[in-house]
Amino acid sequence: MSAGRGRVLMRVLAHLVRQEAALATTPAPGAADGANARAARRARNVRRALESLGPFYVKVGQMLATRPDIVTPEMIGEFEKLQDEASPAPFSDFEPVLRQDLGAGWTGQFRDFDTQHPLGTASLAQVYRAELPGGRPVAVKIQRPGVRETVRADMKLMGSLSRFASRRAWRFSEVIDVEAMLNVVFDAMRPELDFVSEARNMTEAAKAAEDFDYVQVPEVVEATGRVLVQDLAAGMPIREADRDQFDAEERKAIGQDLLAFMYRGYFVDRIFHADPHPGNIFVAPGHPATLIDWGMVGRIDRPMSTSILLLLLNLAMNDGAGTARAWIDMGSATSWANTPAFAGDMASLVPQIATASLEELNFGVTLTAVLQHSTRRGIRTSPMVSILGKSFANIEGSIRHLCPELSLIDVFSEELVGIVTDLVKESLSPQQAVRTALEVITAGTAAPQQLRGITKDLSNRDLTMRMNLNGSRSARRSTSLRKGAADVSFALATAMLWNHYTKDR
């Protein structure tokens with residue numbers, strides 16, 4: 001299968017080369033206009049090529065739309081148009097999947113099943129409207145036969161190509177880890193290939209949505225590896241909604257709850273919808289917004305989540321220097337990094353976005369503008385930033401259709417107290433206190449051995465010290481020491497408070 005997909009990829013690449021050759025010989029009216037026209041046509045050709053290759057390449061292209069440090073502005077404009085759409089296939093292609101996954105008597109599980117008019121078509125699956133025996137309307141998502149093997153072959157092929165390229169472009173790889181970036185896409189997409197995993201994501205998200213009045217996630221009725229039966233979302237995709245059918249208060253409430261729900265996913269639950277584009281959010285007057293398609297999700301660890309939170313807090317506070325520090329903490333400085341210049345970049349950029357509304361600001365792309373500056377200055381950023389930027393850009397683009405006057409920074413500031421409260425509760429948990437105490441014990445055990453090593457080096461006159469003249473490494477080490485001391489003090493205080501609390505109980 002990999003060899004077959006390799007041949008398909010080579011055919012598409014060969015077609016792109018022929019198109020590029022034709023572009024080079026196309027006469028243009030003027031030098032500047034001709035260059036711009038060729039760049040636009042080149043970007044359009046690449047976008048169409050990605051769409052022809054299927055879902056995996058579409059997802060990679062969508063993520064590249066948030067990477068102005070890698071692709072041109074023309075490419076970004078085209079990649080933002082990427083949609084995972086496909087021509088409807090006849091129901092006869094999907095019926096064998098239903099029979100294999102639900103059993104030969106699958107028709108008895110439904111009172112009605114519209115096989116003629118699919119609700120949605122994509123390269124991974126097709127969705128149909130149906131009714132359960134009791135009259136409950138549902139959506140039935142059926143995976144296209146053979147698509148799982150195709151996507152896995154694409155992942156394997158692209159993984160091999162990224163490793164090959166990384167070994168030969170070491171300076172580029174030092175600041176942009178393409179293999180790690182692709183692995184983030186792999187991890188996020190895998191549930192799309194297994195609907196049981198997607199159903200698990202939906203159940204988890206539905207529980208988180210219970211805290212919001214204007215957000216909901218469809219309930220899962222049944223799930224197999226290739227068939228997912230879920231509640232039918234009310235209304236229409238948010239991009240098709242008529243604002244005039246909603247009063248201003250309802251529009252604002254939906255927008256605020258959608259943002260707040262996503263913020264909670266980023267910073268508290270640490271699992272978030274990675275593809276909340278306008279086609280995946282359904283709205284109707286008098287109903288909560290419904291988030292569908294939980295196949296592609298992002299999962300981040302606690303340090304990364306905290307770093308992103310600190311980054312947004314610095315943006316909200318119009319602090320360019322703090323934004324620069326938070327961004328560097330999410331990644332690392334290369335050997336040729338210019339961190340003072342990056343701090344200067346942020347001092348100029350951050351004031352432009354601190355108070356903008358959705359009408360004035362594309363926050364996800366602004367986030368990746370920070371990425372563009374950091375890459376240029378030699379700062380390596382976590383590969384998770386790409387998928388976070390994609391999620392940010394998608395959710396703000398979706399809400400812009402319904403409530404463009406909403407300020408993301410204002411909503412973030414309003415939600416910050418609740419987010420921090422949840423994080424404090426997490427830090428006060430007995431598990432966290434025990435973990436930190438164990439880290440202190442481990443550090444204390446290692447300290448005498450390190451001290452003996454230093455003493456031995458001194459006695460042999462063999463002690464060397466490394467210094468970074470721009471101060472970034474020593475500053476980070478000093479910051480880490482201060483943070484470590486604060487963590488120890490906080491952990492000990494937490495342990496004592498917990499002990500006191502449990503005794504009183």
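One-based numbering along the sequence shown.
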Mind checking whether [X] and [Y] have side chains closer than 4.5 Å, heavy atoms only?
X: Leu402; Y: Leu258; answer: no
X: Glu222; Y: Leu102; answer: yes
X: Arg41; Y: Arg44; answer: yes
X: Met384; Y: Ser305; answer: no

Donor-acceptor under 3.5 Å ([X] side chain, [Y] main chain):
X: Asn280; Y: Asp275; value: yes
X: Ser391; Y: His273; value: yes
X: Arg148; Y: Gly225; value: yes

Q: Scan Arg299, Lys207, Arg264 and name whichever one has a salt bridge (Lys or Arg N to Asp or Glu O under 4.0 Å) with Asp269.
A: Arg264
Q.
Does the plane of the ring in Tyr128 sit parallel, tilted or perpendicular to the ring in Phe94? Use 30° and 60° as the thresholds.
A.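 Geometry flag for Phe94 against Tyr128: perpendicular rings.
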Q: Identify the heavy atoms of Tyr266 and Leu388 that sit nearest to each other, and give their distance.
A: CD2-CD2, 3.8 Å
Q) What are the two closest non-hydrogen atoms of Ile419 and Tyr263, and how far apart are they? A) CD1-CB, 4.1 Å
**Q.** From Val185, Val151, Ile387, residue fulfilling side chain to side chain contact (heavy atoms under 4.5 Å, CB included) relative to Lys59
**A.**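 Result: among Val185, Val151, Ile387, Val185 is the only option passing the side chain to side chain contact (heavy atoms under 4.5 Å, CB included) with Lys59.
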(Q) Going by ring-ring contact (aromatic ring centres under 6.0 Å, His included), name the pairs with one or both residues in residues 211-244, residues two or more places apart or in two chains. (A) Phe212-Phe261
(Q) Could you work out, with salt bridge (charged side-chain N to carboxylate O under 4.0 Å, His left out) as the rule, every residue matching Asp257, not counting sequence neighbours? (A) none
Q) For Glu414, which residues count as a salt bridge (charged side-chain N to carboxylate O under 4.0 Å, His left out) partner, sequence neighbours excluded? A) none
